[in-house]
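Structure first, commentary second.
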Number of protein chains: 2
Amino acid sequence: MPYRHDDTEECKECHLIADVSENELIDLAELFKIFGDSTRIKILFDLFHGEKNVTQICEDLEMNQSAISHQLKILRTSKLVSARREGKAMIYALADDHVRMIIEMGKEHIEE
Amino acid sequence: MPYRHDDTEECKECHLIADVSENELIDLAELFKIFGDSTRIKILFDLFHGEKNVTQICEDLEMNQSAISHQLKILRTSKLVSARREGKAMIYALADDHVRMIIEMGKEHIEE
DNA sequence: CGCTCATATGAATATATTATCATATGTTCA
DNA sequence: TGAACATATGATAATATATTCATATGAGCG
């Protein structure tokens with residue numbers, strides 16, 4: 001397929017690094033799908049300010065605890081947030097700076 | 001809500017530009033949702049190499065013409081691709097460089 | 001231990017999304 | 001004009017997804 005380049009050089013036409021396999025594209029779609037839900041995006045933005053426990057997130061988003069937990073599980077499975085226990089509470093945090101960058105990127109597009 | 005900052009300064013904690021409204025977050029999720037489908041991502045990657053007509057895209061992705069047209073419509077509505085007619089054919093192209101950047105960004109995350 | 005608080009999970013329902021099929025629209029050309 | 005090609009569109013069916021409800025798990029504490 002044309003979106004798979006022939007070698008590992010940068011393509012002159014599209015300036016994209018070569019060797020984008022079909023599986024990589026599917027993974028990429030999977031990643032974006034995670035960001036493509038308003039509840040999850042809100043959770044991620046909520047965590048921009050620093051780590052929070054589930055109850056706090058529920059209050060911030062004014063949403064059902066179960067709904068939040070289900071979405072947190074998806075975010076954790078996708079390695080976009082990390083979780084640690086502190087007493088009775090679970091503390092969630094953004095997993096890495098990529099999450100910030102990806103969101104900033106989309107945000108720029110929106111703001112034009 | 002906490003993901004809405006108080007002023008237009010950059011937040012010291014999260015380094016995010018202020019004033020992210022709920023509606024902006026919903027729009028952002030909408031944008032990512034578009035990238036969150038493997039057919040659409042494949043189309044976008046296909047167009048990295050330059051503009052193409054519908055038939056070419058169908059051949060590249062080995063997919064049904066109708067399925068491709070439906071997805072192209074979504075991409076066009078979202079302003080991620082542009083279309084122009086050339087005789088019988090419709091020529092599609094990536095709308096702007098943001099599309100490239102957003103995909104590159106996600107790609108970096110995947111590749112770690 | 002038994003109670004309470006915090007979170008997770010399974011099942012069910014409601015909703016959204018995608019691909020397919022059939023068909024319509026639009027263009028070229030004889 | 002009408003046949004052939006290119007693309008778009010509407011309806012349908014299959015599948016995926018999100019939220020809610022009920023309940024389970026787990027930690028702290030008297």
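All chains are named by letter (A, B, ...) in the order of the sequence lines, taking the proteins before the strands, and each is independently numbered beginning at 1.
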*Quick one: ring-ring contact (aromatic ring centres under 6.0 Å, His included) partners of A:Phe35, sequence neighbours excluded?*
B:Phe32
*Could you give the CD1-to-P distance, from B:Ile91 to D:dA6, as a whole number of Å?*
12 Å
*Would you mind reading off the distance between B:Leu75 atom CG and D:dA8 atom P, rounded to a whole angstrom?*
12 Å
*With A:Arg100 as the cation and A:Phe48 as the aromatic partner, state whether NZ or CZ is under 6.0 Å from the six-membered ring centre and within 45° of the axis.*
yes
*Rounded to the nearest 0.5 Å, how far does CD1 of B:Ile43 lie from CG of A:Leu25?*
11.5 Å
*Check: B:Asn53 main-chain N/O paired with B:Gln56 side-chain donor or acceptor under 3.5 Å*: yes
*Of the nucleotides C:dT9, D:dT9, D:dG26, which one has an atom closest to the side chain of A:Lys88?*
D:dG26
*asked:* As an exercise, state the distance from CE of A:Met90 to OG1 of A:Thr55, rounded to the nearest 0.5 Å.
replied: 12.0 Å
Give each protein N/O atom lying under 3.5 Å from an N/O atom of nucleotides 12-15 of chain D, with the pair distance.
none

*Is A:Lys73 near enough to C:dT9 that one of its side-chain N or O atoms lies under 4.0 angstrom from OP1 or OP2?*
yes
_Any B:Ser69 side-chain heavy atom under 4.5 Å of B:Val54 side chain_ = yes
*For C:dA8, does either OP1 or OP2 sit under 4.0 Å from a side-chain N or O belonging to A:Tyr92?*
yes
*asked:* Would the distance check show the side chain of A:Arg40 and the main-chain N or O of A:Lys42 forming a donor-acceptor pair, the cut-off being under 3.5 Å?
replied: no
_Can you measure A:Met90 atom CE to D:dT25 atom C1' for me and round it to whole angstrom units?_
12 Å
*Under 3.5 Å donor-acceptor pair, B:Gln65 side-chain atoms to D:dA8 base atoms*: yes
*Mind listing the closest non-hydrogen atom pair of A:Leu94 and A:Ser82 along with its distance?*
O-OG, 4.4 Å
For nucleotides 17-21 of chain D, give me every protein contact, N/O to N/O, under 3.5 Å, one pair per line with atom names.
{"residue": "D:dA18", "atom": "OP1", "partner": "A:Asp37", "partner atom": "OD1", "Å": "3.4"}
{"residue": "D:dA18", "atom": "OP1", "partner": "A:Arg40", "partner atom": "NH1", "Å": "2.8"}
{"residue": "D:dA18", "atom": "OP1", "partner": "A:Arg40", "partner atom": "NH2", "Å": "2.9"}
{"residue": "D:dA18", "atom": "OP2", "partner": "A:Arg40", "partner atom": "NH1", "Å": "3.4"}
{"residue": "D:dT19", "atom": "OP1", "partner": "A:Thr39", "partner atom": "OG1", "Å": "2.8"}
{"residue": "D:dT19", "atom": "OP2", "partner": "A:Gln71", "partner atom": "NE2", "Å": "3.1"}
{"residue": "D:dT20", "atom": "O4", "partner": "A:His70", "partner atom": "NE2", "Å": "3.2"}
{"residue": "D:dC21", "atom": "N4", "partner": "A:Ser66", "partner atom": "OG", "Å": "2.5"}

*Residue mapping more 5' on DNA chain D - nearest nucleotide basis, A:Glu86 or B:Ala89*: B:Ala89
